[in-house]
Amino acid sequence: MIRTNELVKVYRTEEVETTALNKVSIEIKAGEFVSIMGPSGCGKSTLLNILGLIDNPSGGEYHFLDHEVSSYSERKRSQLRKNNIGFIFQSFNLIDELTVFENVELPLIYTKVGGSERKKRVEEVLEKMNMMHRRNHFPQQLSGGQQQRVAVARAIVNNPKLILADEPTGNLDSSNGSDVMKTLVHLNNEGATIIMVTHSQYCAEFGNRIIRLLDGQVVTENIVSKQLL
């Protein structure tokens, strides 16, 4: 599904040049659950943004679903992204002015799904996340764990081939964090490919492989025994 070859990302200002990624080569197969770890500033989020087609690399190759996408325009990246990738963020990134239902519905509007089909899919995914009873609430009326369940619902409502999770448990207590990890494992068992950035060794071991970054480079790749649910 994903292959990078000597991926480089350099940020430049008038005075400073910072190399965020330095010749990163990885391969992720469909159906894998891969955790990416490393200290702050090691390039984890930069790599996730490139894999999620939010940003372009400065050099190297990125192959996604048999497309070499490293030089794609924003328009082409956007088209590929909205049809194939779901995002889960640490800060939830819900829109305060929209209800739970409307937040989850947004990706379907972007992909021009019809009204009746949108309603059906949103209700199905809210039932799956045990959030139907909150469908008319606004994000600020929810607990952190509930907001993250809504964010997961929004990420999966389009049945994406790839789910990217950036510190999905970072703002949650241990109980709610555990619930999110169980949900990700369940989605992976249903066939979704998941790439998760995390600082937590415990969370990382819910995946089947851990990639560690340091100073913008891959330093280790290990297959792990999955945490038991």
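Treat the numbers as computed from the prediction; the structure is a model and nothing was measured.
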Closest non-hydrogen atom pair between Ala204 and Ser35, with its separation: O-OG, 2.9 Å
Please check if the side chain of Tyr62 supplies one atom and the backbone of Leu51 the other of a donor-acceptor pair under 3.5 Å. yes
Tell me, do Glu6 and Glu61 make a side-chain contact under 4.5 Å, heavy atoms counted? no
Taking a hydrophobic cluster as the set of Ile, Leu, Val, Met, Phe, Trp and Tyr residues connected by side-chain heavy atoms closer than 4.5 Å, whether directly or through intermediates, do Met37 and Leu213 fall within one such cluster? no
Check: Asp179 and Leu172 side chains under 4.5 Å, non-hydrogen atoms: no
Look at the aromatic rings of Phe87 and Phe89 and report parallel, tilted or perpendicular, splitting at 30° and 60°. parallel
To the nearest 0.5 Å, atom CD of Gln148 lies from atom CG of Asn176 at 9.5 Å
Could you give the distance from CG (Leu214) to OG1 (Thr220), rounded to the nearest 0.5 Å? 9.5 Å
Would Phe138 end up clustered with Leu98 when hydrophobic side chains under 4.5 Å apart are linked, directly or stepwise? no
Can you find a heavy atom in the side chain of Ile50 that is under 4.5 Å from one in the side chain of Leu21? yes
Under a 3.5 Å threshold, yes or no: a donor from one side chain and an acceptor from the other, between Ser70 and Glu68? yes
Student check: side-chain heavy atoms of Lys76 and Gln79 closer than 4.5 Å: no
Keeping the roles fixed (side chain from Arg212, backbone from Gly38), state whether a donor-acceptor pair exists under 3.5 Å. no
May I ask you to decide if Leu80's main-chain N or O and Asn84's side chain share a donor-acceptor pair within less than 3.5 Å? yes
Minimum heavy-atom separation for Pro139 to Ile95, with atom names? CG-O, 3.6 Å
Taking every non-hydrogen atom, the tightest pair across Asn171 and Ser91: ND2-CA, 3.8 Å
CA sep, side-chain torsions, deciding dist, call: Ile211, Ile26, side chain to side chain contact (heavy atoms under 4.5 Å, CB included): CA-CA 9 Å; Ile211 296 173; Ile26 62 173; 4.1 Å; yes
Residue pairs meeting side chain to side chain donor-acceptor pair (under 3.5 Å), one or both in residues 22-31, sequence neighbours left out, come to none
Given 3.5 Å as the limit, does a donor-acceptor pair link the side chain of Lys44 with the main chain of Pro39, or not? yes
Whether over 12 other heavy atoms sit under 6.0 Å from Asn222 CG: yes
Is there side-chain contact between Ile163 and Ile156, with heavy atoms separated by less than 4.5 Å? yes
Interatomic distance, OG1@Thr198 vs CZ@Phe206, rounded to 0.5 Å, equals 10.5 Å
In one Ile/Leu/Val/Met/Phe/Trp/Tyr side-chain cluster, 4.5 Å: Phe64, Met196: no
Given side chains that start at C-beta, do those of Thr19 and Tyr11 come closer than 4.5 Å, heavy atoms only? no
Donor-acceptor pair, Arg135 side chain versus Val100 backbone, under 3.5 Å? no
Under the criterion side chain to side chain contact (heavy atoms under 4.5 Å, CB included), I'd like the reasoning laid out for Leu65 against Leu162: C-alpha separation, chi angles, the key distance, then a yes or no. CA-CA 10 Å; Leu65 297 176; Leu162 174 65; over 6 Å; no
Of all heavy-atom pairs between Met181 and Phe33, which one has the smallest distance, and what is that distance? CE-CZ, 4.0 Å
Measure the CD1-OG1 distance between Ile28 and Thr193 for me, rounded to the nearest 0.5 Å. 8.5 Å
Taking all heavy atoms of Pro160 and all of Gly86, pick out the closest pair and write down the distance. CB-N, 3.5 Å
Residues that, via side-chain heavy atoms closer than 4.5 angstrom, fall in one hydrophobic cluster with Val8: Val10
Using a distance-only test with no angle check, is there a side-chain donor-acceptor pair under 3.5 angstrom linking Asp166 and Gln90? no
Within-4.5 Å side-chain heavy-atom neighbours: His199 and Ser40: yes
Could you tell me if the side chain of Ile210 sits less than 4.5 Å from the side chain of Gln201, heavy atoms only? yes
Treat each ILVMFWY residue as a node, draw an edge where side-chain heavy atoms are under 4.5 Å apart, and state whether Tyr72 and Ile85 are in one component. yes
If you round to the nearest 0.5 Å, how far is CG of Leu48 from CD1 of Ile54? 7.5 Å
Rounded to the nearest 0.5 Å, what's the gap from CG on Leu47 to NZ on Lys9? Could you check? 12.0 Å
With distance as the sole criterion, is a donor-acceptor pair present between the side chains of Asp173 and Ser175 under 3.5 Å? no
Please collect all salt bridge (charged side-chain N to carboxylate O under 4.0 Å, His left out) contacts where either partner lies in residues 143-161, sequence neighbours excluded, each pair once. none
For Arg3, does the CZ atom have more than 12 heavy-atom neighbours from other residues, nucleotides or ligands under 6.0 Å away? no
Looking at Asp96, I'd like to know if its CG atom is crowded, meaning that more than 12 non-hydrogen atoms belonging to other residues, nucleotides or ligands lie closer than 6.0 Å. yes
N/O donor-acceptor pair under 3.5 Å between Glu127 side chain and Met132 backbone: no
Is Ile194 linked to Val125 within one hydrophobic cluster, defined over Ile, Leu, Val, Met, Phe, Trp and Tyr using a side-chain heavy-atom separation of less than 4.5 Å? yes
Using the rule given for side chain to side chain contact (heavy atoms under 4.5 Å, CB included), can you reason through Val69 versus Arg77, listing the C-alpha separation, both sets of side-chain angles and the distance that settles it, and then say yes or no? CA-CA 8 Å; Val69 300; Arg77 290 202 314 272; 5.8 Å; no
Can you name the residues that form a salt bridge (Lys or Arg N to Asp or Glu O under 4.0 Å) with Glu32, not counting sequence neighbours? Arg209
According to salt bridge (Lys or Arg N to Asp or Glu O under 4.0 Å), who are the partners of Arg75, at least two apart in sequence or on a separate chain? none
Per the side chain to side chain donor-acceptor pair (under 3.5 Å) rule, what does the pair list look like for residues 104-121, sequence neighbours excluded? Glu105-Arg118, Thr111-Asn158, Glu117-Arg121, Lys119-Glu123, Lys120-Glu124, Arg121-Asn158
Does Thr4 reach the main-chain N or O of Leu7 with its side chain, forming a donor-acceptor pair under 3.5 Å? no
